[in-house]
Number of protein chains: 2
Amino acid sequence: MTATPSPPPATVPAPGSADDWLRLDQQVCFTLNAASRAFNGVYRVILKDLGLTYPQYLVMLVLWEHGTLPVKKLGEHLRLDSGTLSPLLKRLETAGLVRRERSARDERSVEVRPTEEGTALRRQALEVPLRIAAATGFEVEEIRELSAVLQRLTTALDAAAAAAEGTAEGA
Amino acid sequence: MTATPSPPPATVPAPGSADDWLRLDQQVCFTLNAASRAFNGVYRVILKDLGLTYPQYLVMLVLWEHGTLPVKKLGEHLRLDSGTLSPLLKRLETAGLVRRERSARDERSVEVRPTEEGTALRRQALEVPLRIAAATGFEVEEIRELSAVLQRLTTALDAAAAAAEGTAEGA
DNA sequence: CGCAATTTAATTGCGCGCAACCAAATGGCT
DNA sequence: AGCCATTTGGTTGCGCGCAATTAAATTGCG
């Protein structure tokens, strides 16, 4: 009882106590973060054949679905800003999968267009979702439910962050 | 209607088709990723007062719960390796929240111990989970369920990744 | 004891994610 | 026309997250 400076009790905290909240919180944020990284790990393995990282795969998904898009629109779809997208798109261009060209009508805008090679890559990517779904071991319906919950969560969190920023600053 | 080079159909693909799978998959991985980043954003705002980033907060959580730990054990708790933890712990040490000292018994091991200041920070951190929970707008039971699902998902994904790596390499 | 295999951290390199700042182009306004 | 706020990307800096490599200490074995 003498040489232990500050070891918190190893017992389970009482439900409803602040310690319990801390533990619960650790689970929510941590499990989400861990799941996200676990997903990333599986994608890393599967996407290695396509020469894409996971964020690059997301960009190509959007381009395959919507065709040529300015960086701004791309960022809105993916919830990413130019600080992330600019270098990423340069790498995709170096890889020969997209081309970036200034819009003629609005010189501020940069149109991102999949190249022939980038479009062709779509065929190889079609099997990716199946392999991912298999890796999760989840039923389709379960995945749909999870996605819905996560979307609701993201919306709530974004609103809360915006509100917190709003109250912090003068707005 | 003439100058659109390769715009994929904007219609909703038939359920069960490969296109539908692609879209569904996009939702699973993307919503998870987006939720994780949204969480990070809320934590960034709330933890700014404590001078911690979110991963640093996770490290302090583990230290508050378990007391002094070697880097290895810390990494097991958080699913992180030394490549991530080493610089992070150095920053925490610079901030005066932890001390790193070589174990006397095993010179390979580095014991991470919260300082007085680091331990004191726990009191300020106690209110964080409440604010986070409020930001989600979720009920406690709902959070618990979501956590359970995500844990199951992470376990399945890790197993799948390990299996994929195992078959890829000679093992 | 001497030597090889294992364990444990640290380091390096690369890519994302985001805040902060900057530059160019646009549009509205007088 | 001239001026100013807004829009749009780019750049920089910093902190993860992870793979790969390196170094040091420990363990096991003959």
Side-chain angles (χ1 to χ4, degrees), chain A residues 29-30 33-45 47-48 51-59 69-76 78-95 100-112 158 161 165 168-169, chain B residues 29-30 33-45 47-48 51-59 69-76 78-95 100-112 158 161 165 168-169:
Chain A
C29 59
F30 179 71
N33 195 299
S36 180
R37 282 185 286 133
F39 245 124
N40 214 303
V42 175
Y43 272 106
R44 195 191 325 278
V45 174
L47 291 177
K48 188 157 43 172
L52 293 175
T53 67
Y54 172 61
Q56 289 167 7
Y57 170 70
L58 290 183
V59 167
L69 281 178
V71 175
K72 184 73 185 311
K73 290 290 181 188
L74 212 46
E76 289 174 2
L78 296 172
R79 216 172 166 283
L80 293 172
D81 65 358
S82 66
T84 299
L85 286 176
S86 285
L88 187 155
L89 292 171
K90 278 187 184 176
R91 282 185 284 271
L92 282 182
E93 187 171 41
T94 301
R100 299 179 306 141
E101 37 201 24
R102 291 272 165 194
S103 166
R105 275 180 298 286
D106 189 340
E107 285 287 336
R108 296 170 301 178
S109 180
V110 169
E111 304 280 338
V112 182
D158 280 346
E165 295 256 330
E169 304 167 6
Chain B
C29 59
F30 178 70
N33 195 300
S36 179
R37 281 186 286 134
F39 244 125
N40 214 303
V42 175
Y43 272 107
R44 195 191 327 279
V45 174
L47 291 178
K48 188 159 41 177
L52 293 175
T53 67
Y54 171 61
Q56 289 168 7
Y57 170 70
L58 290 183
V59 167
L69 282 179
V71 176
K72 184 72 185 309
K73 290 289 181 187
L74 212 47
E76 289 174 2
L78 296 171
R79 216 173 166 282
L80 293 172
D81 65 359
S82 65
T84 299
L85 287 175
S86 285
L88 187 155
L89 292 171
K90 279 187 183 175
R91 283 185 284 271
L92 283 181
E93 188 172 40
T94 301
R100 299 179 305 140
E101 38 199 25
R102 290 273 165 193
S103 166
R105 276 182 295 287
D106 189 338
E107 285 287 337
R108 295 170 302 179
S109 180
V110 169
E111 303 280 337
V112 182
D158 279 346
E165 294 257 330
E169 303 169 6

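Note that the coordinates shown come from a computational prediction; the quantities given were computed from them, not determined experimentally. Lettering of chains follows the sequences in order, A, B, ..., and the numbering in each one begins at 1.
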Q: Please compare A:Leu80 and B:Pro70 by the position of their nearest nucleotide in DNA chain C and report the one closer to 5'.
A: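 Its nearest nucleotide lies further toward 5', so the answer is B:Pro70.
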Q: Heavy atoms within less than 4.0 Å of DNA chain D: which residues of residues 104-112 of chain A have one? Give them sorted by number.
A: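 Listed by number, they are A:Arg108, A:Ser109, A:Val110.
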Q: Roughly how many Å is it from OH in A:Tyr43 to C1' in D:dC18, rounded to a whole number?
A: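 Rounding to the nearest Å, OH of A:Tyr43 and C1' of D:dC18 are 18 Å apart.
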Q: Looking only at atom types and distance, does a side-chain atom of B:Asp81 sit under 3.5 Å from a main-chain N or O of B:Thr84, one as donor and one as acceptor?
A: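 A pair under 3.5 Å: yes.
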Q: Return the set of residues passing side-chain hydrogen bond (donor to acceptor under 3.5 Å, both in side chains) with B:Asp158 (not counting sequence neighbours), or none when no residue passes.
A: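 With sequence neighbours excluded, B:Asp158 shows a side-chain hydrogen bond (donor to acceptor under 3.5 Å, both in side chains) to B:Arg79, given in chain and number order.
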Q: OP1 or OP2 of C:dA25 sitting under 4.0 Å from any side-chain N/O of A:Arg102?
A: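 For C:dA25, neither OP1 nor OP2 has a side-chain N or O of A:Arg102 closer than 4.0 Å.
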Q: Is the backbone of A:Cys29 close enough, under 3.5 Å, to the side chain of B:Tyr43 for a donor and an acceptor to pair up by distance?
A: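 No: the side chain of B:Tyr43 does not pair with the backbone of A:Cys29.
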Q: Return the nearest nucleotide to the side chain of B:Thr84; candidates are C:dC16, D:dC18, C:dA19.
A: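 Between C:dC16, D:dC18, C:dA19, the one nearest the side chain of B:Thr84 would be D:dC18.
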Q: D:dT8 C1' sits how many Å from A:Leu69 CG, rounded?
A: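 Rounded to whole Å, this separation is 15 Å.
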Q: Nearest to the side chain of A:Ser82, heavy atoms from C-beta on, is which of C:dG17, D:dG17, D:dG10?
A: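 Among the listed nucleotides, the one closest to the side chain of A:Ser82 is D:dG10.
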Q: Under the rule for ring pair (Phe, Tyr, Trp, His ring centres under 6.0 Å), what residues qualify as partners of A:Phe30, not counting sequence neighbours?
A: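 By the ring pair (Phe, Tyr, Trp, His ring centres under 6.0 Å) rule, A:Phe30 matches no residue at all.
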Q: Counting just side-chain N and O atoms, does A:Arg44 come under 4.0 Å of either OP1 or OP2 of C:dG15?
A: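 So the side-chain polar atoms of A:Arg44 never come under 4.0 Å of the phosphate oxygens OP1 or OP2 of C:dG15.
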Q: Rounded to whole Å, please give me the gap between CG in B:Leu92 and C1' in D:dG15.
A: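 B:Leu92 atom CG is separated from D:dG15 atom C1' by 12 Å.
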Q: The side chain of A:Lys72 lies closest to which of these nucleotides: D:dG9, D:dC18, C:dG17?
A: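 The listed nucleotide nearest to A:Lys72's side chain is D:dG9.
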Q: Do any side-chain nitrogens or oxygens of A:Lys90 fall under 4.0 Å of OP1 or OP2 in D:dT11?
A: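 For D:dT11, OP1/OP2 do have a side-chain N/O of A:Lys90 under 4.0 Å.
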Q: Quick one: side chains of residues 104-112 of chain B, donor-acceptor pairs under 3.5 Å with protein atoms, not counting sequence neighbours, listed by atom name and distance.
A:
{"residue": "B:Asp106", "atom": "OD1", "partner": "B:Arg108", "partner atom": "N", "Å": "3.0"}
{"residue": "B:Asp106", "atom": "OD1", "partner": "B:Arg108", "partner atom": "NE", "Å": "3.0"}
{"residue": "B:Asp106", "atom": "OD2", "partner": "B:Arg108", "partner atom": "NE", "Å": "3.4"}
{"residue": "B:Asp106", "atom": "OD2", "partner": "B:Arg108", "partner atom": "NH2", "Å": "2.7"}

Q: Check salt bridge (charged side-chain N to carboxylate O under 4.0 Å, His left out) between A:Arg102 and all other residues, then give those that pass, not counting sequence neighbours.
A: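 Testing A:Arg102 for salt bridge (charged side-chain N to carboxylate O under 4.0 Å, His left out), a comparison that skips the adjacent residues, returns none.
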Q: Is A:Ser86 near enough to D:dG10 that one of its side-chain N or O atoms lies under 4.0 angstrom from OP1 or OP2?
A: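 For D:dG10, OP1 or OP2 has a side-chain N or O of A:Ser86 closer than 4.0 Å.
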Q: Check the phosphate of C:dC16 against A:Thr53, side-chain N and O only, distance under 4.0 Å to OP1 or OP2. Yes or no?
A: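 Indeed, a polar side-chain atom of A:Thr53 lies that close.
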Q: Report which part of the nucleic acid B:Leu85 touches: base, sugar-phosphate, or nothing (heavy-atom distance under 4.0 Å, all strands).
A: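 It contacts nothing in the nucleic acid.
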Q: Using purine N1 to pyrimidine N3 plus N6-O4 or O6-N4 for Watson-Crick, or N1-O2 and O6-N3 for G-U wobble, both under 3.5 Å, which nucleotide pairs with D:dG30?
A: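 Pairing partner, where one exists within any strand: C:dC1.
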Q: Starting at atom CZ of B:Arg79, determine the distance to atom P of D:dA19, rounded to an integer number of angstrom.
A: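 Whole-Å distance recorded here is 10 Å.
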Q: How many whole angstroms separate atom CG of A:Leu89 from atom P of D:dT8?
A: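 After rounding, the gap between these two atoms is 16 Å.
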Q: Tell me, please, which residues at least two apart from B:Arg100 pass salt bridge (charged side-chain N to carboxylate O under 4.0 Å, His left out).
A: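 By the salt bridge (charged side-chain N to carboxylate O under 4.0 Å, His left out) rule, B:Arg100 matches B:Glu93.
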Q: Taking atom C1' of D:dG10 as reference, at what distance in whole Å does atom CZ of A:Arg91 sit?
A: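 Rounded to the whole Å, the gap is 14 Å.
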